[in-house]
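Report on the structure given below.
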Amino acid sequence: MEYRHLGKAGIQVSELSFGSWVTFHNQVNATAAVDMMSAAYEAGVNFFDNAEVYAGGKSEEVMGTALKQLGWRRGSYLVSTKFYWGIHDNVNEKSTLNRKRLIEGINGSLKRLRLDYVDLIYCHRPDKTTPIEETVWAMHNIIEWGKAIYWGTSEWSAAEIVATIEIAERHHLHKPITEQPVYNLFERHRFTREYERVYKDYGYGTTIWSPLASGLLSGKYSQGIPSDSRAALKGYDWLHDHVTDRDKLAKVQALEPIAQELNCTLSQLSLAWCLKNPFVSTVITGASRVEQIHENMKAAEVAPKLTPEILERIDQIFEVKEEEED
Ligand SMILES: NC(=O)c1ccc[n+]([C@@H]2O[C@H](COP(=O)([O-])OP(=O)(O)OC[C@H]3O[C@@H](n4cnc5c(N)ncnc54)[C@H](OP(=O)(O)O)[C@@H]3O)[C@@H](O)[C@H]2O)c1
């Protein structure tokens, strides 16, 4: 496992990390979480991603219980959480980044995670109704109180990120250091085009999500929806059209010969492709069982095999033209 700086920040994250969206509480209980986090940690993962909204707070509880049992030295790992949607359907508590919500949010998350502080807090989405300045001050104060170390954004526009950094600089407040955007073979446009200035001019880091497009890129959906897969879970019907899309499935199938040539699985190839982008600080992997973690962590060994010629063949499959990538 290699470690990359989170943008220009001093902190380093394992190039492959581990997140709990969908899985913790819904598919993975605390006992299984101990096994899974342990498999990831032993492979060199030092960053574990969470959010207060995942399973309505239960994902943080599962991770907190697992961390307690694992008893790792606190300096050896990083934990993140995120705020925006909230867990109570109430005015001032839903889809907001207001100061009161953020401060109550961090206190609740720390309790559920059983931690004194988290390493990273994200604004999970932009809030168009709260002034950015109010959010920046709240994040700054949370960091000053020692409840978080760094903060970042998730799915904010480049313009919003730049405005936020500039407000923080103007007031000498803690600036956000990283974005958490989607990035995978199917969804690369915003990452490669819109954010370019934010990486280059501001040294912003990225912790990218859904690298397997919710499992589609593993090839598991080629014969329909397996009963033990994410798309078969109750409440995830919205994934059906995505994982059964014929055009997407054909592209995944077309990757198979490349995976065979490189002697790796489709999941490893797709994760390795994400790792090849130098603006990716860490690829947040997801898994519903330990075997997937063992498989996915080997993607780090596959990445060096992705030569410019192989990357070009992959681009042809995904119909990406050179000017789209520059
Ligand atoms: N900031 C945001 O808005 C945001 C949004 C989404 C996610 N995230 C973060 O990013 C993390 C990763 O996202 P994601 O879970 O969507 O990642 P993903 O890699 O696209 O999908 C992970 C899922 O794919 C399946 N899978 C993984 N490895 C596999 C393998 N080797 N073979 C077959 N199936 C495999 C598993 O589902 P099944 O086994 O159940 O099919 C697993 O739960 C999340 O945990 C979360 O921390 C952030």
Side-chain angles (χ1 to χ4, degrees), residues 13 16-28 32-33 36-37 39-40 43 45 47-55 59-60 62-63 78-85 118 120-126 152-156 178-187 190-191 206-236 238-240 242-243 248 252 259 264-275 280-299 302:
V13 282
L16 292 167
S17 47
F18 184 61
S20 64
W21 179 53
V22 183
T23 55
F24 278 27
H25 179 72
N26 295 318
Q27 294 170 286
V28 174
M36 294 174 73
M37 290 174 70
V45 166
F47 170 43
F48 297 88
D49 186 63
N50 215 320
E52 74 165 0
V53 74
Y54 294 170
S59 169
E60 289 179 328
V62 168
M63 192 174 275
L78 312 169
V79 172
S80 68
T81 193
K82 316 185 197 80
F83 306 106
Y84 172 69
W85 282 288
V118 286
L120 252 168
I121 40 174
Y122 292 92
C123 294
H124 213 156
R125 290 294 180 272
T153 53
S154 180
E155 297 295 340
W156 286 35
T178 186
E179 164 60 30
Q180 185 166 135
V182 66
Y183 183 60
N184 59 52
L185 278 161
F186 289 114
E187 289 182 86
R190 191 177 203 186
F191 189 98
T206 64
T207 62
I208 64 116
W209 60 267
S210 284
L212 295 180
S214 270
L216 172 61
L217 285 159
S218 72
K220 72 197 305 171
Y221 292 105
S222 59
Q223 308 298 328
I225 299 178
S227 59
D228 61 351
S229 65
R230 175 177 294 184
L233 290 173
K234 203 166 158 254
Y236 286 84
W238 54 270
L239 261 183
H240 287 191
H242 164 66
V243 298
K248 286 181 177 162
V252 175
C264 68
T265 65
L266 284 174
S267 298
Q268 290 164 344
L269 178 61
S270 303
L271 295 170
W273 177 85
C274 295
L275 285 172
V280 167
S281 313
T282 182
V283 174
I284 312 178
T285 64
S288 63
R289 57 208 78 162
V290 169
E291 302 75 57
Q292 291 174 350
I293 297 177
H294 290 315
E295 177 183 337
N296 296 347
M297 292 301 138
K298 293 206 183 91
V302 176

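Along the sequence shown, residues carry numbers from 1. Computed from a prediction, not measured in an experiment: that's the story for all the values here. Counting convention: from 1, in listed order, for ligands and their atoms alike.
- Taking every non-hydrogen atom of H124 and a distance limit under 4.0 Å, the qualifying atoms of ligand 1 come out as 1 (N), 2 (C), 3 (O).
- With a 4.0 Å cut-off on non-hydrogen atoms, N184 does not touch ligand 1 at all.
- Contact annotation for P211 and ligand 1: heavy atoms of both the backbone and the side chain come within less than 4.0 Å of the ligand.
- Counting the atoms of ligand 1 from 1 in the order shown, those under 4.0 Å from a heavy atom of Q180 are 1 (N), 2 (C), 4 (C), 8 (N), 9 (C), 48 (C).
- For ligand 1, the atoms closer than 4.0 angstrom to any heavy atom of S218 are 32 (N), 33 (C), 34 (N).
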Item to complete: For the pair T178 and L120, evaluate side chain to side chain contact (heavy atoms under 4.5 Å, CB included) and give the outcome as yes or no after the intermediate values.
Response: CA-CA 9 Å; T178 186; L120 252 168; 3.8 Å; yes
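- Nearest protein heavy-atom neighbour of atom 1 (N) of ligand 1: S154 OG, 2.9 Å.
- Of the polar atoms of K82, none of the N or O atoms is found under 3.5 Å from an N or O of ligand 1, judged by distance alone.
- Side-chain atoms of T81 and E52 include no donor-acceptor pair closer than 3.5 Å.
- Here the heavy atom of the protein found nearest to atom 6 (C) of ligand 1 is W209 CE3, 3.1 Å.
- Near G19, meaning under 4.0 Å from any of its heavy atoms, are these atoms of ligand 1: 45 (O), 47 (O).
- Looking at ligand 1, you'll find an N or O of K220 within less than 3.5 Å of one of its N or O atoms.
- Backbone and side-chain nitrogen or oxygen atoms of S20 are examined, and one is located within less than 3.5 angstrom of a nitrogen or oxygen of ligand 1.
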Practice prompt. Could you go through the side chain to side chain contact (heavy atoms under 4.5 Å, CB included) check for Y221 and H240 one step at a time?
Written response: CA-CA 10 Å; Y221 292 105; H240 287 191; over 6 Å; no
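- The distance between the ring centers of W273 and Y183 falls below 6.0 angstrom.
- At a heavy-atom distance under 4.0 Å, only backbone atoms of A287 (N, CA, C or O) approach ligand 1.
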